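Just so we're on the same page: letters track the sequence lines, and every chain starts at 1. Small disclaimer: the values here were computed from a predicted structure and weren't measured.
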Number of protein chains: 2
Amino acid sequence: MTDLDRVIHEPARLLIVALLAGVKEADFLWLLRESGLTKGNLSSHLGKLEEAGYVEIEKTFRGKIPLTMARLTRPGSKAFKEYKQRMNGLLAKSGGS
Amino acid sequence: MTDLDRVIHEPARLLIVALLAGVKEADFLWLLRESGLTKGNLSSHLGKLEEAGYVEIEKTFRGKIPLTMARLTRPGSKAFKEYKQRMNGLLAKSGGS
DNA sequence: TAAACCAGTTTGTACCGCAAACCAGTATGC
DNA sequence: GCATACTGGTTTGCGGTACAAACTGGTTTA
């Protein structure tokens, strides 16, 4: 109907995806600071995005301390791109400005 | 955080608001056909939008048959405009195209 | 040894969108 | 003139989900 991808549409995830699209790779704490989300929400939203196949999560260690990296997958980039197109289409149809 | 107006953000309502922004006034059945929503959903989303003060609902009669007209209020137009700006900002920050 | 901390995950709840059931009134078939 | 179908909606029930708060497993500090 509007055909907006609900996984991406959710504001918190839209923000995460937009951030990732900019940098191509980011760790949990950077996303945490940049997004302003709580840890819990960031964690679960990343979980949803991973489940959807839109991001890859890689868990490593920085010394003794766990480190989680996230990056957009190819399908993720594609989905985001399509989302942007549809959204622009919607916003445009209401008459400019 | 993303500061997206949740009332407008919901796809069905975004569509309704975009449609109304284009025409300035519309009746229930036109919105029904144009949006592809079910009657139930259209009714309740219009209710939400009215409750938020974003649309005015006017109930009249066309002959013997009830007719509901909807139009965007001033605050509604303003909210939609701001929504568009924020959304464009979000989509832009990920690097163009 | 314990207390504080880091980097997250799991859990609980309250809300919300959706579809289906419902309703009042009007035209139509018998 | 009675019932059946249709218009133009509204209300209800249910399933999914976002958010915050509590929890966990390991690590440094006191």
Side-chain angles (χ1 to χ4, degrees), chain A residues 1-20 25-71 79 83 86 90, chain B residues 1-20 25-71 83 90:
Chain A
M1 187 228 316
T2 54
D3 280 346
L4 286 172
D5 188 329
R6 296 293 261 204
V7 173
I8 292 186
H9 189 61
E10 175 60 30
R13 287 192 297 260
L14 181 54
L15 182 53
I16 293 171
V17 169
L19 287 169
L20 286 178
E25 185 165 59
D27 65 79
F28 192 92
L29 290 176
W30 183 82
L31 285 172
L32 190 62
R33 281 187 295 272
E34 209 68 15
S35 67
L37 291 164
T38 63
K39 292 182 292 178
N41 290 338
L42 179 54
S43 175
S44 68
H45 284 305
L46 281 178
K48 289 271 166 69
L49 287 168
E50 185 183 22
E51 195 179 346
Y54 289 172
V55 304
E56 278 177 347
I57 305 292
E58 191 181 352
K59 287 173 189 309
T60 58
F61 282 86
R62 181 183 44 207
K64 307 272 181 98
I65 286 163
L67 173 70
T68 358
M69 295 297 271
R71 82 182 59 78
Y83 177 85
R86 292 190 192 287
L90 259 178
Chain B
M1 188 225 317
T2 55
D3 281 343
L4 286 172
D5 188 329
R6 297 294 263 213
V7 173
I8 292 186
H9 189 60
E10 175 60 29
R13 286 191 297 259
L14 182 53
L15 182 54
I16 294 172
V17 169
L19 288 169
L20 286 178
E25 185 165 59
D27 66 78
F28 191 92
L29 289 177
W30 182 83
L31 284 172
L32 189 63
R33 281 187 294 273
E34 208 69 14
S35 67
L37 292 163
T38 64
K39 292 181 292 179
N41 291 337
L42 178 54
S43 174
S44 67
H45 284 305
L46 281 177
K48 289 270 167 71
L49 288 169
E50 185 183 23
E51 195 179 345
Y54 289 172
V55 304
E56 278 177 348
I57 305 292
E58 191 182 351
K59 286 173 190 309
T60 60
F61 283 85
R62 182 183 44 205
K64 306 269 182 102
I65 286 164
L67 173 70
T68 3
M69 295 298 269
R71 81 183 59 80
Y83 177 85
L90 260 178

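For D:dA18, one of the phosphate oxygens OP1 or OP2 lies less than 4.0 angstrom from a side-chain nitrogen or oxygen of A:Arg13.
Rounded to whole angstrom, the span from the NZ atom of B:Lys64 across to the C1' atom of C:dA24 amounts to 15 Å. Atom NE2 of B:His45 is separated from atom C1' of D:dT11 by 15 Å (rounded to the nearest Å). Across the protein-nucleic acid pair, A:Arg33 atom CZ and C:dC6 atom C1' stand 12 Å apart, rounded to whole Å. Atom CG in B:Leu42 sits about 16 Å away from atom P in C:dA20, given to the nearest Å. Spacing between atom NZ of A:Lys39 and atom C1' of D:dA18 amounts to 18 Å, rounded to whole angstrom units. Protein atom CG of B:Leu4 is 11 Å distant from nucleotide atom P of D:dC19, rounded to whole Å. B:Leu29 places its CG atom 15 Å from the C1' atom of D:dT10, with the value rounded to the nearest Å. Separating the CG atom of A:Leu37 from the P atom of D:dC19 is a distance of 8 Å, rounded to the nearest angstrom.
Under a 4.0 Å N-O distance rule, the pair B:Lys48/B:Glu10 does not qualify as a salt bridge.
Distance from the side chain of B:Ser43 is smallest to D:dT11 among C:dT9, D:dA18, D:dT11. Nearest to the side chain of B:Thr38, among C:dA19, D:dG8, C:dG17, sits C:dA19. Of the candidate nucleotides D:dT10, C:dC18, D:dC19, D:dC19 has the atom nearest to the side chain of A:Glu10.
In this structure the side chain of A:Leu32 reaches within 4.5 angstrom of the side chain of A:Lys39, judged on heavy atoms. Between A:Thr2 and B:Leu14 there is no side-chain heavy-atom pair separated by less than 4.5 Å.
In terms of heavy atoms, B:Leu15 sits closest to B:Ser35 at CD2-O, 3.6 Å.
For the pair B:Lys48 and A:Ile65, both in contact range of DNA chain C, the more 5′-proximal nearest nucleotide belongs to A:Ile65. Heavy-atom nearest nucleotides on DNA chain D were determined for B:Arg6 and for B:Thr68, and the one closer to the 5' end corresponds to B:Thr68. The nearest heavy atom of DNA chain D to A:Gly40 and to A:Phe61 marks one nucleotide each, and the one closer to the 5' end goes with A:Gly40.
Classification of the A:Tyr83-A:His9 ring pair by plane angle, with boundaries at 30° and 60°, yields tilted.
Using a 4.0 Å heavy-atom distance criterion, B:Leu32 is classed as making no nucleic acid contact.
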